[in-house]
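Everything below concerns the one structure shown next.
Index from 1, following the sequence.
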Amino acid sequence: MEEKQRKFKDLINTPFKKVMFGLQILSYILIVGSPAIGGLIGKWMQLGPTKTAGLIVGVFIVGEVLFYATLLFLGKEIVLLIKDHVKKWFKRKKNKTSN
């Protein structure tokens, strides 16, 4: 049996789902960039190291909450789609010149 190819366009087909997907992308940025984002905000607000560290943790938590909240609306299929795309980045290319 052939597995159906997942496509973003098929899963993100309503304005609401597009907004949820945008929020999910924002959650990835907040999670990965929490040290830089929190550090910049802490420096801008002239906070001490302890408060800046708390701000970094807060940014990370906001990212996690957004991630799981959007998963409730987008469902398992979007996670599988993203997983498929990430696997393609790390997949080794087959050598076509082998005999």
Side-chain angles (χ1 to χ4, degrees):
M1 186 182 337
E2 190 174 315
E3 186 176 322
K4 183 180 176 186
Q5 183 68 27
R6 295 180 186 93
K7 295 183 180 179
F8 278 116
K9 154 175 113 167
D10 298 334
L11 296 174
I12 314 296
N13 54 8
T14 65
F16 179 74
K17 285 186 177 182
K18 288 178 184 178
V19 169
M20 287 295 115
F21 184 69
L23 287 174
Q24 189 168 56
I25 297 300
L26 175 63
S27 76
Y28 296 147
I29 293 168
L30 291 175
I31 291 168
V32 173
S34 60
I37 294 168
L40 288 172
I41 293 172
K43 185 177 180 180
W44 176 67
M45 295 178 70
Q46 299 176 349
L47 300 176
T50 307
K51 290 183 180 179
T52 300
L55 186 61
I56 291 169
V57 171
V59 170
F60 182 81
I61 290 171
V62 167
E64 287 287 326
V65 169
L66 277 176
F67 175 75
Y68 289 111
T70 56
L71 281 184
L72 291 174
F73 294 105
L74 295 175
K76 182 180 175 183
E77 282 297 314
I78 193 71
V79 174
L80 294 175
L81 177 67
I82 293 169
K83 186 177 172 182
D84 289 347
H85 282 282
V86 170
K87 279 183 182 178
K88 287 179 187 177
W89 295 344
F90 296 104
K91 198 178 238 184
R92 286 187 171 182
K93 293 181 180 180
K94 293 184 179 182
N95 190 358
K96 293 182 179 182
T97 60
S98 64
N99 292 336

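Hydrophobic clustering (side-chain heavy atoms under 4.5 Å, transitive across Ile, Leu, Val, Met, Phe, Trp, Tyr) keeps Ile29 apart from Leu40. Linking Ile, Leu, Val, Met, Phe, Trp and Tyr residues whenever their side-chain heavy atoms come within less than 4.5 Å leaves Val32 and Ile25 in two separate clusters. With hydrophobic clusters built from ILVMFWY side chains whose heavy atoms lie under 4.5 angstrom apart, Tyr28 shares a cluster with Val19.
Judged as a ring-ring contact (aromatic ring centres under 6.0 Å, His included), not a single pair has a partner in residues 37-56 (not counting sequence neighbours).
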Show me the side-chain donor-acceptor pairs of residues 46-75 shorter than 3.5 Å, one per line, residues at least two apart or across chains.
from: Thr52; atom 1: OG1; to: Gly48; atom 2: O; distance (Å): 2.8
from: Thr70; atom 1: OG1; to: Leu66; atom 2: O; distance (Å): 3.0
from: Thr70; atom 1: OG1; to: Phe67; atom 2: O; distance (Å): 2.9

